[in-house]
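Proteins come first, then strands; the chains are lettered A, B, ... in the order of their sequence lines, and each starts at number 1. Basis for what follows: all heavy atoms, side chains included, without hydrogens, waters or symmetry-related copies.
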Amino acid sequence: MAQLQEGSRISIPTGGAGTGTSSGASAHTRVSSSHLHRVHAPTAPRSPGSIMPICVVIDPGTPVPSHLQRVPIPHLILSSSGSDTFVKAKVVKKFPLVSTESDYILKTVIQEYEDQQSLPSGFTSINAILFGPLARDFSQTVAEGDLLVMTGFTVERSPTVKKDGLHPCNLQLADRDVHIYVYPASTLGPHPSAVSTPPPITEAAKPKYTYAALKDLKAGMVVNLYGVVTFFKQPFRTKGTDYCFTLKITDQSDAKLGCSIFCEKLEDLPQIYKIGDIIRLHRVKMQPFNGAVNAINTLGFSVLAFDGSVGSPVAPRTSSRSFHFGDEDRRTVERLRAWAAHRSALPPKSAAPLSSVRPKMFFDFTCQLLAKAQIDSCCTLLKVWDGTVCADPLLSVPVDPGALEGSLAVTRGRRNLVADVLVFDDHVEVARGLKPGSYLRIYNLHAVPQSAEMPPGDGVPPGARGGGASEEGGAGGAGAGAPLAFHLHCGTAYGRGIRVLPEDSPDLQDLKRRLESMENDVSDSSLIEWCTPPESLDAEPENCLTVRTCDHELECVTLACVKNSPPPRVFHVRARLQSYQPERLCQALKLHCPKCRALQDVPDEEAIASVFQEALSEAGGMERGPDRLVFVEGATFQEMCQMLEEQTSMVPVRSSDGRMTLLDLSAPFLFQGPKRNYGCRRCSQLKHVELNPQEKTDQIEGIAEVLGVQPLQYVFLLKLALEDDSGRLDALLWNGSVRTEESFFCVPASDAEASQELQDWIRKTLDKLCPPGGRLEEHPWLDLCLRSYTVEEDGHHTVCYQICDTVIKRADV
DNA sequence: GTTTAGGGTTCG
């Protein structure tokens with residue numbers, strides 16, 4: 001055979017679109033019209049211009065690019081680079097392509113090419129793991145026996161070195177930078193180990209598995225099954241040689257089946273995390289028990305588990321090194337998910353965040369372990385959190401700091417975040433092995449209100465009662481106010497137990513996001529220590545013109561710290577008002593729909609007048625409703641305003657088909673003295689007015705109801721430019737509240753709309769906060785509560801800030 | 001060699 005010369009050039013077509021290769025060419029059609037051919041995956045033609053990482057070399061004499069240096073496989077170490085080196089090796093084993101919803105993975109074992117004179121000793125075979133489209137293309141293009149030249153790989157630690165005895169490293173190949181030159185076995189000539197190219201691997205050639213419906217199972221059968229998990233217990237050691245995992249499953253045939261899986265190794269048991277997970281069992285045997293059948297694993301047994309929620313990735317969980325999983329399997333999983341989602345007979349959801357836990361509840365708790373302490377030989381304390389705040393006060397079990405493994409620093413200064421879990425008896429052993437920081441699911445955890453009236457010896461460890469309960473709960477009193485402790489009772493009934501969840505579990509993603517933002521909060525507050533303390537933080541609160549009304553216990557931070565913190569978050573700041581917009585108060589007044597949340601300008605008088613003008617008709621008149629409510633038809637706007645002096649409330653109406661409806665939503669639907677009330681055009685559904693003497697038309701809600709109007713609220717919307725020594729930040733001031741004590745100016749916007757006096761007062765207030773013509777240093781300090789949030793528009797995310805829970809000190813203005 | 005377990009609240 002021709003020699004594969006190193007050190008001479010190779011020409012690889014890398015040019016533009018097409019490069020003369022038929023995009024319809026099958027991966028298995030090895031055309032020999034030139035030295036090298038790009039290979040197109042039959043199912044997914046590549047876009048023009050993309051560079052195929054796999055090239056099939058037809059002429060075995062084709063040399064390798066000269067800039068690449070060959071590394072013998074036994075010489076590969078963790079720090080080896082695959083960017084300017086290559087390995088030359090034969091495919092000795094190719095495992096089936098594993099496809100998940102979003103990815104492909106393929107494992108292959110390659111062996112240092114043996115035609116070398118002095119083959120180095122050592123590990124000549126190595127695992128290569130391919131990812132993504134590369135794995136798919138490799139699966140379709142490469143056969144066992146082919147010779148490969150591979151470059152662009154990374155060298156990682158092989159996790160299977162103990163199992164397979166191969167090279168302690170493996171090669172990992174993702175699309176980027178990878179090039180694989182394939183010398184098909186058939187072109188390699190009379191090499192002793194050359195094998196003829198096997199037939200193409202097609203779907204039909206893969207092993208076919210059939211799965212039995214649970215209702216059809218009879219004793220003695222050995223079958224493959226799919227099912228939705230309705231119950232399971234944590235694995236436990238049997239009196240025999242194995243661990244046991246018991247579970248119950250169901251399927252579309254509505255039958256239920258108990259299963260007992262025995263394995264020597266814990267990791268080989270089904271990886272079931274919650275009820276609703278989906279399981280695939282191969283080769284289980286039906287055994288009669290108690291008048292029904294149970295499934296037991298038998299020779300050749302294998303298991304895959306999947307998350308059961310519709311829409312989550314179909315990613316098989318297994319310890320198997322090779323398994324078959326194809327499109328049909330994915331469809332089966334998705335069908336089971338969809339079926340289970342609409343089935344009320346499945347046990348109700350038992351998982352709950354801390355925020356929805358109520359006294360006496362049993363629930364499954366997904367959380368992070370912060371710290372733990374051994375209380376005695378049969379009780380361990382776990383301090384855990386999930387980033388949500390419990391509605392009830394939480395018991396804090398006092399522990400000698402020396403006895404506590406882990407840290408609670410991250411929760412510093414916050415209340416009702418940390419759940420103290422007392423783990424009893426058989427669970428103590430598992431708890432001993434847990435590492436702070438790990439993510440857990442605690443099954444069938446019991447929320448126990450810790451009443452001070454309970455007699456001594458009620459099971460609370462010494463020193464655990466009372467002390468340390470959150471302030472608002474105090475130590476006393478049974479019922480809702482009693483601080484909650486959490487017990488993981490002895491035994492395994494109801495699946496009681498603890499399990500460490502893998503970091504990539506879909507159930508952890510929300511939790512991790514929550515905890516991350518919490519941790520950012522804490523690290524940011526430590527920023528204050530190295531931010532130069534701004535003058536504003538030294539200012540005495542009594543010198544501030546505003547006061548916060550929130551109950552957040554937050555330290556004041558600088559505006560720079562605010563801007564550096566990811567939203568959403570709440571801050572306390574002390575800053576000056578540099579300027580505000582709009583400067584004209586009437587432009588700051590808006591109408592807001594509490595239903596659809598739309599904002600609109602208040603119509604001006606001219607616009608309102610023209611609405612009335614257009615509706616003027618011959619038929620003019622007034623109809624008196626109850627409670628001095630007057631319906632007016634055929635009046636001009638000016639006439640309405642004149643009549644207002646005599647009438648309490650007036651509704652402009654029009655007639656259609658002899659029945660009365662509201663005039664128009666562009667005009668006020670209700671005039672109340674000087675106050676004008678508007679309705680939302682989007683959310684109102686106008687109806688014919690049918691007056692019922694029982695109708696409560698003395699209130700705006702009642703009138704709106706009669707008309708079919710969704711009332712709008714008046715709000716002030718101002719953009720405030722805030723400044724402190726660290727920087728500047730624009731924040732929205734949203735003064736929509738109708739409750740005086742909650743609004744920034746201590747004046748509801750609806751009152752201000754109709755009152756020149758109140759508008760003057762607001763103007764005066766703004767002038768105090770931001771004196772016209774004054775220097776910034778002379779502006780007063782403001783204590784503010786700020787909230788950051790994200791607004792998405794056209795795919796762009798903008799961080800915004802809003803002033804909340806802050807009011808003007810009336811006495812100062 | 002071919003078992004082991006076979007769910008059902010509680011530190012009360």
Counting the atoms with a prime plus P, OP1 and OP2 as sugar-phosphate, which does Thr241(A) contact under 4.0 Å by heavy atoms, base, sugar-phosphate, or nothing? base
Answer with yes or no whether Arg496(A) presents, from its side chain, a donor or acceptor under 3.5 Å of a partner atom in the base of dT9(B). yes
Go through dT9(B), dT10(B), dG6(B) for me and flag the one nearest to the His446(A) side chain. dT10(B)
In whole angstrom, what separates Asn444(A)'s CG from dG7(B)'s C1'? 11 Å
As a test of reading the structure: which of dT3(B), dC11(B), dA5(B) is closest to the side chain of Ser260(A), going by heavy atoms? dA5(B)
With centres under 5.5 Å and planes under 30°, do Tyr494(A) and dG7(B) count as stacked? no
For the side chain of Phe231(A), starting at C-beta, report the closest nucleotide among dT3(B), dA5(B), dG7(B). dG7(B)
Check every strand shown and say whether Phe236(A) touches a base, only sugar-phosphate, or nothing at a heavy-atom separation below 4.0 Å. sugar-phosphate
Would you mind checking if Glu328(A) and Arg335(A) are paired as a salt bridge, meaning a charged N to carboxylate O distance below 4.0 Å? yes
Check whether any side-chain nitrogen or oxygen of Lys360(A) sits under 4.0 Å from OP1 or OP2 of dT9(B), and answer yes or no. no
Looking at Lys274(A) and Asp277(A), is there a salt bridge between them, counting it only when a charged N and a carboxylate O are closer than 4.0 Å? no
dT3(B) base stacked by Phe262(A) (centroids within less than 5.5 Å, tilt under 30°): no
Torsion-based syn/anti label for dG7(B), 90° from 0 as limit: anti
Return yes if a side-chain donor-acceptor contact under 3.5 Å exists between Asp307(A) and Tyr273(A), otherwise no. no
